[in-house]
There are 2 protein chains.
Amino acid sequence: MNLPGRNINLHISVDCVIFGFSTNQLKVLLIKRAYTNTSGTLSNDHKLPGDFIAIKEDLDLAASRTLEELTGLKDIYLQQFAFFGRPDRISKSMDIAWLTETTGHKIQRVVTAAYYSLINITDTNSDFAIKNNATWIDVKQVPDLAFDHATIITNGLAHLQLTLRNEPIGFELLPEKFTVRELQTLYEVILDCSLDNRNFRKKILKSTYMVQLEEKQSGVAHKPAYYYRFDRNIYEKHKKESLGFNF
Amino acid sequence: MNLPGRNINLHISVDCVIFGFSTNQLKVLLIKRAYTNTSGTLSNDHKLPGDFIAIKEDLDLAASRTLEELTGLKDIYLQQFAFFGRPDRISKSMDIAWLTETTGHKIQRVVTAAYYSLINITDTNSDFAIKNNATWIDVKQVPDLAFDHATIITNGLAHLQLTLRNEPIGFELLPEKFTVRELQTLYEVILDCSLDNRNFRKKILKSTYMVQLEEKQSGVAHKPAYYYRFDRNIYEKHKKESLGFNF
DNA sequence: TTAGTTAGCGTATTATTTACGTTAACTTTG
DNA sequence: CAAAGTTAACGTAAATAATACGCTAACTAA
């Protein structure tokens, strides 16, 4: 057992990759941070919403807390997907400056637990985010970010893609009622491919958890589509793993 | 930014769930630990091979180091699969006693990165393990373990099952040359199900990375089977993800 | 009224999965 | 040394799922 000379400078944090979907784009929630750069002027850039964990705080709860503090959202699909702990992830001068300014301590190393979550962007949570200096940014156009947060987003996206292929999680990103086309577009944007609308419809409607509503679209310049909702209870009941293995 | 009153008692460790396969059983490598229990006598139980990370040490490298220190094995398929950081994971009296005895410090909280790896149990690494107070134990019969290590194993096994369904990783657990039947048994044991031998053979032999050797079994009381080997290069070349999504 | 657009249903083809029959090649046993 | 027992290895048929398209319906805008 090799207990290193441990000191006050090792910290643990959580970072949340919060995906949202609007105007046919997959977006991540980023918050603006300010730091004093080497020439003494105030600069800005972006980072993932995250925070150090409290000394007795559970990691999952810390992630939920951060999410709630930044978006006001509670009880959201939120999952740990990786840890990032390279010793050199704190090395850029602006990151060191920002850590010192905000914590008042010289921080040498932070290991972070990355969580991802999917939320339906609504006016309410969007307003809340804006108040907290947060913005929704298209994942295809993320600017330079603090620390290794760009890598974390890339990993989170890969994780999202993988999960979307195997589980019906796309619904989390859509409003309560949605059309089949909206769902398909979401798949196409996240998976970055195009899908045949007839086959997509066939496949998705075969699943029992897609419940057709009586309401149709209105005011559209084409045949109006029925709205659907996702029935979580039906899904949970029918969720049994297939025994096939593919490789 | 909420930097908690951080103190010397927060630590990060790595724990390795090392799977092996022999005598038709899936096994985990556990090491014996000794601690002084509340009545003052010396007791024993088991824990996963793991260690605190060094102050500047990368997590992945710490896992590799631990694995090598305990088994002598290098360059092994080794993957982070989850983090365990519940504040109450250090609460049992024997765990507290053992931590104090081995580190000389009062440790309050340890967040651990769990890695899993698959190795082919050979006489060489088995001897090495035994020297280091380690033993291979059938995953179906793991005794009471230190901390939350039982949970970590359960999670690691679930991860192994999931991966085995999607990628040809079973080979990692077998010797260089093996028969189709041996591979099938491995799948059956890990996935805890029975598979049709004719269909299994068909499916597995369709893949180009299964290379048939000239050598056959000998001394068996039935038609001798051909040996095969796994060609990693061929696999890497043909590895391209399918575009289908299933849910 | 017509043109443009997406919704929604259907069909044919191909691939994959599942279920199961049968012969081949070895050792052990009587 | 023949018969019995065992697993290997190949094959076939049916069911299921994936893929590639064709076509009509129902709305708005012009």
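In the text below, chain A, chain B and the rest are named by the order of the sequence lines, each starting its count at 1.
The shortest side-chain heavy-atom distance between B:Ile18 and B:Val28 does not fall under the 4.5 Å cut-off.
By the 30° and 60° cut-offs, the orientation of the rings of A:Phe230 relative to A:Phe171 is parallel. The aromatic rings of B:Phe84 and B:Phe81 sit perpendicular, their planes meeting at an angle over 60°, well past the 30° parallel limit.
By the side-chain contact (heavy atoms from CB on, under 4.5 Å) test, B:Lys216 pairs with B:Pro224, B:Tyr226, sequence neighbours left out. B:Lys202 pairs by the salt bridge (Lys or Arg N to Asp or Glu O under 4.0 Å) definition with nothing, not counting sequence neighbours.
Between the NZ atom of A:Lys206 and the C1' atom of C:dG10 there is a distance of 16 Å, given to the nearest Å. For the pair A:Ile204 CD1 and D:dA17 P, the computed distance is 15 Å after rounding to whole Å. The nearest whole Å value for the distance from the CE atom in A:Met210 to the P atom in C:dG8 is 10 Å.
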Walk me through it: do B:Asp138 and B:Lys140 pass the test salt bridge (charged side-chain N to carboxylate O under 4.0 Å, His left out)? CA-CA 5 Å; B:Asp138 185 351; B:Lys140 297 203 171 173; over 6 Å; no
Summary of protein contacts for nucleotides 5-15 of chain D, nucleotide by nucleotide, where a base hit scores B, a sugar-phosphate-only hit scores S (4.0 Å, heavy atoms): BBBBBBBB---
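In terms of phosphate contacts, B:Lys203 brings a side-chain nitrogen or oxygen within less than 4.0 Å of OP1 or OP2 of C:dT17.
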